[in-house]
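The first residue of the sequence shown is numbered 1, and numbering continues consecutively from there.
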Amino acid sequence: MNLTRLSVTLATLLAGSALASPPHTPVPGGIALIDLCSDRQPAPSAQWGEQPLAVVRDKGRWIALLGIPLDTLPGELEIRSFFGSTASDHSVTIRPHNYPEQRLTIKDQRKVDPDPDDLARIAREKAHTETIKAKFSKDRPDTVLHAPADGRLSSRFGLRRIFNGQPRNPHNGLDFAAPTGAPVRAPAAGTVLDTGEYFFNGNTVFIDHGQGLISAYMHLSRIDVREGQRLARGDRIGAVGATGRSTGPHLHWTVILNNTAVNPELLLKRP
């Protein structure tokens with residue numbers, strides 16, 4: 001085994017925002033970039049524990065992308081890359097990051113304190129969506145995403161949320177303020193993994209962009225795609241709504257990388 005300890009160089013960090021890869025952001029909810037080798041070689045693979053990671057080509061290098069869970073504590077994370085019969089270990093230092101708090105009032109108290117039947121439904125839906133988020137297809141993803149809806153960002157990623165005075169899970173996506181019926185479009189090419197109506201998320205679409213990069217669109221008033229449908233960037237997938245647990249019409253957009261919700265703003269196309 002070839003054991004290395006990798007530090008991402010300052011040049012790689014600064015170049016991230018100008019190239020196809022997202023910026024190197026080794027914080028909870030962020031994305032770490034791990035330089036694996038020259039792209040003159042065949043693409044290596046990489047994994048974090050048993051979880052495979054996306055590997056993309058950028059500035060003449062093969063780069064692994066590690067989505068970092070929101071509950072990750074500061075410290076070292078280890079990933080392993082494979083090139084032929086050679087394995088290499090790489091270390092990523094996770095920095096602390098504090099997200100602000102958001103307090104919301106939900107009119108439907110069942111969306112805050114579900115009854116027993118609701119809880120059974122929520123458990124079934126959670127098991128289903130965990131299977132969806134764990135999918136890892138072979139297609140190499142486009143990591144430059146376009147905004148899926150027009151409108152201001154009304155709620156950002158990572159907010160510590162309190163519904164009707166009760167703490168709940170942090171906000172795992174971006175909210176776009178837009179009127180009911182406004183179009184929602186695919187931010188990049190992909191395949192529809194799942195569509196459905198969920199207790200908390202309302203009408204929802206999941207899109208597979210390749211190698212564990214998956215996006216989800218929630219609270220839709222209408223779904224215009226079907227499971228298995230291939231999409232190009234900009235194709236309409238539905239319309240903004242207020243279904244599920246919502247304080248009003250908006251699009252909630254979640255981006256999953258290696259089965260981990262990450263800040264979608266890191267992948268948004270920059271001017």
Side-chain angles (χ1 to χ4, degrees), residues 4-10 12-17 19-36 44-56 58 61-82 88-102 129-130 132-136 140-145 153 155-161 168-174 187-188 206 208-216 252-268 270:
T4 63
R5 303 287 291 183
L6 178 71
S7 297
V8 178
T9 66
L10 180 61
T12 300
L13 171 58
L14 295 177
S17 61
L19 299 171
S21 294
H24 176 61
T25 317
V27 301
I31 301 172
L33 277 61
I34 300 96
D35 187 344
L36 301 180
S45 61
Q47 60 188 54
W48 176 34
E50 298 300 316
Q51 175 66 50
L53 302 180
V55 175
V56 299
D58 196 355
R61 308 293 296 176
W62 287 114
I63 306 292
L65 305 180
L66 171 66
I68 303 165
L70 269 169
D71 60 359
T72 303
L73 298 176
E76 301 294 312
L77 293 183
E78 305 291 333
I79 79 156
R80 178 164 290 183
S81 64
F82 301 89
S88 298
D89 290 339
H90 311 267
S91 178
V92 179
T93 301
I94 307 302
R95 304 191 303 257
H97 184 79
N98 292 320
Y99 292 96
E101 182 182 284
Q102 183 183 43
T129 56
E130 285 181 348
I132 294 168
K133 292 185 292 184
K135 184 173 178 61
F136 191 90
R140 216 168 293 285
D142 184 345
T143 56
V144 178
L145 306 182
L153 293 179
S155 186
R156 282 187 149 86
F157 177 87
L159 293 173
R160 293 176 291 119
R161 309 192 91 177
R168 291 295 185 264
N169 291 332
H171 193 225
N172 68 352
L174 290 181
F206 289 89
D208 176 18
H209 302 284
Q211 291 202 354
L213 180 61
I214 294 166
S215 57
H252 173 95
W253 181 38
T254 291
V255 172
I256 305 295
L257 184 63
N258 53 262
N259 202 14
T260 297
V262 297
N263 186 353
E265 290 188 73
L266 298 174
L267 294 150
L268 275 176
R270 293 167 286 277

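The only member of Ile256, Val255, Val56, Leu65 that meets side chain to side chain contact (heavy atoms under 4.5 Å, CB included) when paired with Leu213 is Val255.
Annotation for Leu153 and Arg156: closest pair CD1-NH2, 3.5 Å, computed over non-hydrogen atoms. Of all non-hydrogen atoms in Asn172 and Phe157, the two that sit nearest each other are C-CD1, 3.5 Å. Here the closest heavy-atom approach between residue His209 and residue Ala188 is recorded as CE1-O, 3.5 Å. Of all the heavy atoms in Ser215 and Trp253, the pair that sits closest is CB-NE1, 3.6 Å. Contact detail for Gln211 and Leu53: the closest heavy-atom pair is OE1-O, 4.3 Å. Residues Ala46 and Ala64 come closest through the heavy atom pair CB-CB, 4.0 Å.
The shortest distance between side-chain heavy atoms of Leu267 and Leu257 does not fall below 4.5 Å. Residues Pro264 and Thr254 are not in side-chain contact: their nearest non-hydrogen atoms beyond the backbone lie 4.5 Å or more apart. Using a 4.5 Å cut-off on side-chain heavy atoms (C-beta onward), Leu66 and Asn258 make contact. By the 4.5 Å heavy-atom criterion applied to side chains, Asp35 and Ile63 are counted as neighbours.
A distance of 9.0 Å separates CD1 in Ile34 from CG in Leu77, rounded to the nearest 0.5 Å. Remark: Thr143 OG1 to Leu145 CG distance equals 7.5 Å, nearest 0.5 Å.
Taking Ile132 as the reference, His128, Leu193, Asp194, Tyr198, Phe206 meet the side chain to side chain contact (heavy atoms under 4.5 Å, CB included) condition, with sequence neighbours excluded. In this structure Pro28 satisfies the side chain to side chain contact (heavy atoms under 4.5 Å, CB included) test together with Ile94, His97, sequence neighbours excluded. Listed by chain and number, the residues in a side-chain hydrogen bond (donor to acceptor under 3.5 Å, both in side chains) with Thr93 are Glu76 (sequence neighbours excluded). Every side-chain hydrogen bond (donor to acceptor under 3.5 Å, both in side chains) that Ser81 has, sequence neighbours left out, goes to His90. Under the side-chain hydrogen bond (donor to acceptor under 3.5 Å, both in side chains) criterion, Asp208 pairs with Ser137, sequence neighbours left out. In this structure, Trp48 has no side-chain hydrogen bond (donor to acceptor under 3.5 Å, both in side chains) partners at least two apart in sequence or on a different chain.
Although no hydrogens or angles enter the test, the distance criterion places no donor-acceptor pair under 3.5 Å between the side chain of Arg61 and the main chain of Leu36.
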